[in-house]
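Read through the structure below, which is laid out as structure tokens, and then see the notes.
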2 protein chains.
Amino acid sequence: MDLLLTYDVDTTTAAGRRRLRKVAKLCEGHGLRVQYSVFEIVADEKDLLHLIDALDDIIDTSKDSIRIYRLPKDGFAQIHTLGTARPHPHREDLVL
Amino acid sequence: MDLLLTYDVDTTTAAGRRRLRKVAKLCEGHGLRVQYSVFEIVADEKDLLHLIDALDDIIDTSKDSIRIYRLPKDGFAQIHTLGTARPHPHREDLVL
């Protein structure tokens, strides 16, 4: 399934920036970083449970906020973008 | 329809913070600010076109990124949250 993960963290502190780096590294293993703290993720239910566990270990649950939205089928192909935002291919055919 | 709008803007500058404030004010007219730069929006196609026009006038298209995702029906009710994130009611019945 296609998911969108948004991470609200205070990056004015070194600890906050460190947590964002860790969350980014984790999320990039499952998808793409499309904004500073927004990640498009492709995962099945099992992957998602593992991801949630790992996120829970990284974030400061008293300060940070993570929201994970389920997108409709082909949700990544139906994004309206403005400014520097660009669509990112997730399932582009491999051309050799 | 249910939409999710994410805004990537450099808030280390006063101009960036000003643009975020303007985008927030605009988006809050159509929905809820659920994170610092993430907005849950309920809009029909006509509202969305007006919103996109207004956003285009506010943002710096050479620096900022806005992504607008369409969520499935009841998408706001199916969010997984971690940390301080909380579900927000959009269509709660009015209790008198």
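A, B, ... follow the sequence lines: proteins, then strands. Residue 1 opens every chain. What you are looking at is a predicted structure, and each value in this text was computed from that prediction instead of being measured.
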So, A:Glu40 versus B:Tyr69: side-chain donor-acceptor pair below 3.5 Å or not?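 A:Glu40 vs B:Tyr69: donor-acceptor pair found between side chains.
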
So, the part of B:Leu71 with a heavy atom under 4.5 Å from chain A: the answer is both

If one checks every heavy atom of B:Ser62 against chain A at 4.5 Å, the contacting part turns out to be backbone

task: Mark yes or no for whether B:Asp44, through its side chain, and B:Asp47, through its backbone, hold a donor-acceptor pair below 3.5 Å.
output: yes

Are B:Asp64 and B:Arg19 close enough for a salt bridge, meaning some N to O gap below 4.0 Å? yes

Test log, rule salt bridge (Lys or Arg N to Asp or Glu O under 4.0 Å), inputs B:Lys22 and B:Glu28: CA-CA 10 Å; B:Lys22 285 185 182 176; B:Glu28 283 169 341; over 6 Å; no

Pick from [options]: which one has the most heavy-atom pairs with chain B under 4.5 Å?
options	value
A:Asp8, A:Leu5, A:Thr61	A:Asp8
A:Asp56, A:Val34, A:Val38, A:Leu55	A:Val34
A:Leu3, A:Asp60, A:Ile59, A:Ile52	A:Ile52

Margin query: Heavy-atom pairs under 4.5 Å with chain A: which of B:Thr11, B:Ile68, B:Thr12 has the most?
Written below: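 Highest number of heavy-atom pairs under 4.5 Å: B:Ile68.
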
- Query: Going by heavy atoms in the side chains, are B:Lys63 and B:Val9 under 4.5 Å from each other?
  - Reply: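 No, side chains not in contact.
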
